[in-house]
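Comments concern the structure below.
When a residue number appears, it is its place in the shown sequence, counting from 1.
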Amino acid sequence: MMRKTSVILLSAATGAALTLFVTQPRAVLMGSSARAATSDTYRQLNLFGDVFERVRSDYVEKPDDSKLVESAISGMLSGLDPHSSYMDAKSFRDMQVQTRGEFGGLGIEVTMEDGLIKVVSPIDDTPASKAGIMANDIITTLDDEAVQGLTLNQAVEKMRGPVNTKIKLKIIRKGQDNPIDVTLVRDNIRVRSVRARVEADDIAYIRITTFNEQTTEGLKKEIANLQGQIGDKLKGYIIDLRNNPGGLLEEAVTVSDSFLERGEIVSTRGRNAEETQRRAAHPGDLTKGKPVIVLINGGSASASEIVAGALQDHKRATLVGTRSFGKGSVQTIIPLGSGNGALRLTTARYYTPSGKSIQAKGIVPDIEVLQDVPEELKARTDTKGEASLRGHLKNDGDEKTGSQSYVPPDAKDDKALKMADDLLHGIKSTSNATPAPAGDKAPGDKAAADKPASKSAN
């Protein structure tokens, strides 16, 4: 998820045919500069064909043609940005299963960093979380095979497998002198994306761990359950998006809509101005106007940033914690036909209702709260963020590094949670709490009234 699976947006399969239809007539009207550019492109394609044929004929062993083509496609896409990639047929099927919220594997959101697999976050109640896998752990070998040289999708495929089969991971953890060997038993991972409990007898605490097809329905169910349990003494809601690596854009929109009565939620802007799309809220705040606190940190990315940004810009929620990851792009999944897999292609940037892009900058909370970190874990409590990823999309102005992503396992040690409790109980207010640095404040509410980490899970 990680991503980090990533924010994705399913696309119509007719795109390729439409492109052909549009580009062929345009060739007749091309000017000399356009013809020169096209000619140069065809020369480059001829070069690729020459190399392909030379490899096929002269490589020391007979290569698999389909693997050569897949590798070429993967190289082309990975050279664009960290979140564009090629998925073969199996990876595409796995992705579809993942977005439905159920898949087989270990239960960790991972990303690729310097050729190694980096853990974004373990998924709650899975073999990975039970074995103590932590965010920022680096996985160097899988069943004694080095991951160096594998693509992210290849590494994820190796970690997935039949239920009740074992896999051995070697992990490097900052602050630990020696690598850690962990043996995990694969399980059927059912991602319960929404969890809830009553906090301090009168507060509804809701944690959203990922944005899959079940998230909005899960949120609605938990809100109704908590309203029934707490009754009239309900003070407000704490929505915990910490270490949530993202997911489906549509779910981010509908989750945001659950707390808003009107106004823009998010806009997505592609290469051309006419591709801009705006998503707006519909009447019906499920929380009935009760105060909302949203918890974010350096592991909150993509879809979770859409929700946090929308509620912050509309002044519907107070954001507490540390700066978010800063993934402000949308990936479209483009099927390539039966058996050919799909492209995960970055097709747009998204903007909060105030028109702000958080790409490589993140969202700054209204109140910054740093956790007390155990001495042995201090070396791994910061997430570098989108700005640290090689080849990331650039943003105007100064880009920002990531921030602390540690969440104490015991709620009594959770300073951000305590701050949220105090705010809802009136013990503290936003005026006497510690604000985020002034230079990083979000712009005022300019929301219009008009109208989906690379991360992967395994």
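- Looking at Arg173 and Asp137, a side-chain N of the basic residue comes within less than 4.0 Å of a carboxylate O on the acidic one, giving a salt bridge.
- Taking 4.5 Å as the limit, some side-chain heavy atom of Ile239 sits within range of a side-chain heavy atom of Val292.
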Test side chain to side chain donor-acceptor pair (under 3.5 Å) on Gln214 and Ser193 and set out the steps.
-> CA-CA 7 Å; Gln214 304 173 27; Ser193 59; 5.9 Å; no
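- For the pair Met112 and Lys118, the minimum side-chain heavy-atom distance is 4.5 Å or more.
- At a threshold of 4.5 Å between non-hydrogen side-chain atoms, the residues Val253 and Val266 count as touching.
- There is a side-chain donor-acceptor pair under 3.5 Å between His392 and Glu399.
- Between the side chains of Asn297 and Ser405, no donor-acceptor pair of N or O atoms lies under 3.5 Å.
- In terms of heavy atoms, Phe92 sits closest to Pro335 at CZ-CG, 4.0 Å.
- Asp422 and Lys418 are joined by a salt bridge, as a carboxylate oxygen and a charged side-chain nitrogen come within less than 4.0 angstrom of each other.
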Side chain to side chain contact (heavy atoms under 4.5 Å, CB included) between Val255 and Phe211, intermediate numbers included = CA-CA 9 Å; Val255 165; Phe211 288 84; 3.9 Å; yes
Given the rule in the salt bridge (charged side-chain N to carboxylate O under 4.0 Å, His left out) test, do Glu113 and Arg390 qualify, once you have shown the distances and angles that lead to the verdict?
-> CA-CA 9 Å; Glu113 185 173 286; Arg390 186 178 302 164; over 6 Å; no
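- Looking only at side-chain heavy atoms (C-beta outward), Leu424 and Pro291 come within less than 4.5 Å of each other.
- A donor-acceptor contact shorter than 3.5 Å links the side chain of Ser129 to the backbone of Ile123.
- In this structure, Gln227 contributes its side chain and Leu286 its backbone to a donor-acceptor pair below 3.5 Å.
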Give the intermediate values and the outcome of side chain to side chain contact (heavy atoms under 4.5 Å, CB included) for residues Leu219 and Ser258.
-> CA-CA 9 Å; Leu219 175 66; Ser258 300; 3.9 Å; yes
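- Judged by the 6.0 Å distance and 45° axis criteria, Arg269 is not positioned over the aromatic ring of Tyr350.
- In this structure, a donor-acceptor pair under 3.5 Å is present between the side chains of Ser84 and Asp81.
- Using a 3.5 Å distance cut-off with no hydrogens or angles, the side chains of Ser300 and Arg242 do not pair a donor with an acceptor.
- Of the charged side-chain nitrogens involved, at least one lies within less than 4.0 Å of a carboxylate oxygen, so that Glu222 and Arg192 count as a salt-bridged pair.
- Looking only at atom types and distance, the side chain of Thr126 has no donor-acceptor partner in the side chain of Arg186 under 3.5 Å away.
- The shortest distance between side-chain heavy atoms of Glu250 and Arg279 falls below 4.5 Å.
- Contact detail for Leu241 and Ala308: the closest heavy-atom pair is CD1-N, 4.4 Å.
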Evaluate the side chain to side chain donor-acceptor pair (under 3.5 Å) criterion for residues Asn395 and Ser357: first the C-alpha distance (whole Å), next the side-chain angles of each, then the deciding distance (0.1 Å), finally the verdict.
-> CA-CA 8 Å; Asn395 204 342; Ser357 168; 3.3 Å; yes
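- More than 12 heavy atoms of other residues, nucleotides or ligands sit less than 6.0 Å from atom NZ of Lys90.
- Salt bridge absent: Lys130 and Asp125 never bring a charged side-chain N and a carboxylate O closer than 4.0 Å.
- Pairing each heavy atom of Gly246 with each of Ser302, the nearest pair is CA-OG, 3.2 Å.
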Starting from the C-alpha separation in whole Å, work towards a yes-or-no answer on side chain to side chain contact (heavy atoms under 4.5 Å, CB included) for Leu80 and Leu345.
-> CA-CA 9 Å; Leu80 296 173; Leu345 188 65; 3.9 Å; yes
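- Side chains of Glu386 and Gln359: a donor-acceptor N/O pair is present below 3.5 angstrom, by distance only.
- Residues Glu251 and Thr216 bring a donor and an acceptor atom of their side chains to less than 3.5 Å of each other.
- In this structure, Ser256 and Leu311 approach most closely via the heavy-atom pair O-CD2, 4.2 Å.
- Residues Ile139 and Ile108 meet the side-chain proximity criterion, which asks for heavy atoms closer than 4.5 Å.
- Counting only N and O atoms by type, the side chains of Gln331 and Ser329 include a donor and acceptor under 3.5 Å apart.
- A salt bridge does not link Asp366 to Lys315: none of the charged nitrogens lies less than 4.0 Å from a carboxylate oxygen.
- For the 3.5 Å distance criterion, the side chains of Asn153 and Thr151 fail to qualify, holding no donor opposite an acceptor.
- Under the 4.5 Å side-chain criterion, counting only non-hydrogen atoms from C-beta, Met419 is not in contact with Leu295.
- The neighbour count for Asn272 CG, taken as heavy atoms of other residues, nucleotides or ligands under 6.0 Å away, is above 12.
- The 12-atom threshold is exceeded at CG of Asp410, counting heavy atoms of other residues, nucleotides or ligands nearer than 6.0 Å.
- In terms of heavy-atom proximity, Ala387 sits nearest to Ala360 at CB-O, 3.8 Å.
- A donor-acceptor pair under 3.5 Å links the side-chain atoms of Ser304 to the main chain of Asn244, judged by distance alone.
- A pairwise comparison of heavy atoms in Leu260 and Ala281 identifies CB-CB, 3.7 Å as the closest pair.
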I would like to know whether Ile238 and Ile206 meet side chain to side chain contact (heavy atoms under 4.5 Å, CB included); could you show each step before the answer?
-> CA-CA 6 Å; Ile238 297 173; Ile206 301 174; over 6 Å; no
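- Considering only heavy atoms from C-beta on, Val407 stays 4.5 Å or farther from Gln371 through its side chain.
- Here Arg316 pairs with Asp285 in a salt bridge; the nearest charged N to carboxylate O distance falls below 4.0 Å.
- Residue-environment remark: NE2 (His425) exceeds the threshold of 12 foreign heavy atoms within 6.0 Å.
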